[in-house]
Enquirer: 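My questions will all concern the structure given below.
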Amino acid sequence: MIVESKDNMDFERMFTLSLEALNNSYSPYSKFKVSAVLKTKDDRFFIGVNVENASFGLTNCAERSALYSAYSQGVKKENIEKMLILSSSANIISPCGACRQVMAELMDRDSVVIMCDLNKNFKLIKVKELLPLEFTSKDLL
Ligand code: THU
C-alpha cells in the first residue's frame with residue numbers, strides 16, 4: 001500500500017480542481033486563463049478564476065475570486081491553510097500586486113501559496129513573505 005503524505009494528497013486534489021477550473025476562466029481579452037484553489041484547515045476547497053471585462057480595469061484575478069468566494073461562504077482568515085495558483089501559460093505565475101494586498105489582509109499570514117505550472121512544478125511562499133510593508137487596517141488608526 002502506498003502511503004501518501006497529507007501535503008501530497010492536498011496538492012493532487014488542489015491541482016486537479018485548479019486544472020478543471022481553468023476551463024471556467026472568463027478571459028476573452030487576454031486569452032490568459034488563471035485559476036486559484038483555496039483550502040481551509042477543515043478541508044474545504046474554494047475555487048476562483050480570472051473574470052475579465054471590456055472595461056479592462058474591472059478584471060478580477062483568480063486569487064481574489066477564490067478569496068471572495070470563500071469569504072462569501074463564511075470562511076475566516078484563521079481557517080485558511082493554503083492557496084494553489086495555476087495558469088494556462090507554460091510558466092509558474094505569481095500573484096499581482098493588487099492580489100498580494102488582498103491576500104495579506106484576508107489570508108492567515110502563515111498560510112502557504114503554491115505557485116504551480118501545468119507540469120506540476122511549483123514554488124512555495126508564505127503569505128507574510130508576499131508583500132513586505134503592506135498597508136493594513138492599523139495604518140487607518
Ligand atoms: N491574472 C490573474 O488572474 N492572476 C494573476 O496572478 C496574474 C494575472 C489575470 C488577470 C487577467 O485576466 C489575465 O490574468 C492577464 O493579466
Side-chain angles (χ1 to χ4, degrees), residues 2-141:
I2 299 167
V3 181
E4 289 240 47
S5 83
K6 177 91 169 62
D7 278 343
N8 283 346
M9 288 193 302
D10 286 350
F11 179 85
E12 290 300 329
R13 178 94 174 103
M14 292 173 82
F15 182 85
T16 301
L17 287 170
S18 213
L19 195 59
E20 288 168 3
L22 284 180
N23 296 318
N24 301 333
S25 162
Y26 178 74
S27 43
Y29 307 104
S30 72
K31 317 267 190 236
F32 190 84
K33 297 174 188 287
V34 187
S35 59
V37 173
L38 190 148
K39 181 186 172 290
T40 59
K41 292 172 187 168
D42 58 344
D43 292 327
R44 288 181 295 154
F45 297 89
F46 296 87
I47 292 165
V49 296
N50 55 331
V51 181
E52 298 186 346
N53 193 278
S55 177
F56 296 164
L58 297 181
T59 291
N60 210 64
C61 291
E63 296 89 329
R64 279 175 284 149
S65 294
L67 273 167
Y68 296 156
S69 170
Y71 267 70
S72 300
Q73 289 165 82
V75 171
K76 302 285 182 266
K77 71 190 292 180
E78 300 73 27
N79 194 15
I80 292 176
E81 184 180 320
K82 49 188 151 185
M83 177 190 278
L84 182 145
I85 303 165
L86 181 69
S87 86
S88 55
S89 83
N91 303 320
I92 287 174
I93 64 159
S94 74
C96 77
C99 286
R100 288 175 193 225
Q101 177 66 29
V102 173
M103 291 162 81
E105 179 151 342
L106 299 188
M107 293 177 73
D108 187 303
R109 286 178 62 71
D110 284 311
S111 58
V112 173
V113 179
I114 308 162
M115 298 169 284
C116 189
D117 73 13
L118 291 166
N119 290 318
K120 297 188 180 176
N121 300 307
F122 63 87
K123 289 184 195 162
L124 301 180
I125 191 166
K126 288 204 168 183
V127 163
K128 65 185 171 195
E129 298 166 323
L130 270 180
L131 186 63
L133 301 176
E134 81 253 29
F135 182 75
T136 73
S137 59
K138 293 193 186 79
D139 295 306
L140 297 173
L141 299 175

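All ligand and atom numbering here is 1-based and tracks the order in the structure.
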Enquirer: For atom CG of L140, decide whether the heavy atoms of other residues, nucleotides or ligands shown that lie under 6.0 angstrom number more than 12.
Expert: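 Atom CG in L140 is crowded, with more than 12 foreign heavy atoms closer than 6.0 Å.
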
Enquirer: Which pairs with one or both residues in residues 15-37 pass salt bridge (Lys or Arg N to Asp or Glu O under 4.0 Å), sequence neighbours excluded?
Expert: none

Enquirer: Within a 6.0 Å radius of atom NZ on K41, are there more than 12 heavy atoms belonging to other residues, nucleotides or ligands?
Expert: yes

Enquirer: Which parts of the protein, at residue level, reach under 4.0 Å of ligand 1 through a heavy atom?
Expert: S30, F32, V34, N50, E52, T59, C61, A62, E63, I93, S94, P95, C96

Enquirer: Does E12 come within less than 4.0 Å of K120, counting only side-chain N to carboxylate O?
Expert: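 Yes.
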
Enquirer: Is atom CD of Q101 surrounded by more than 12 heavy atoms (other residues, nucleotides or ligands) closer than 6.0 Å?
Expert: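 Yes, because the 6.0 Å sphere around CD of Q101 holds more than 12 heavy atoms from other groups.
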
Enquirer: Parallel, tilted or perpendicular, judged at 30° and 60°: which one describes the rings of F15 and F11?
Expert: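 Parallel: the ring planes of F15 and F11 meet at under 30°.
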
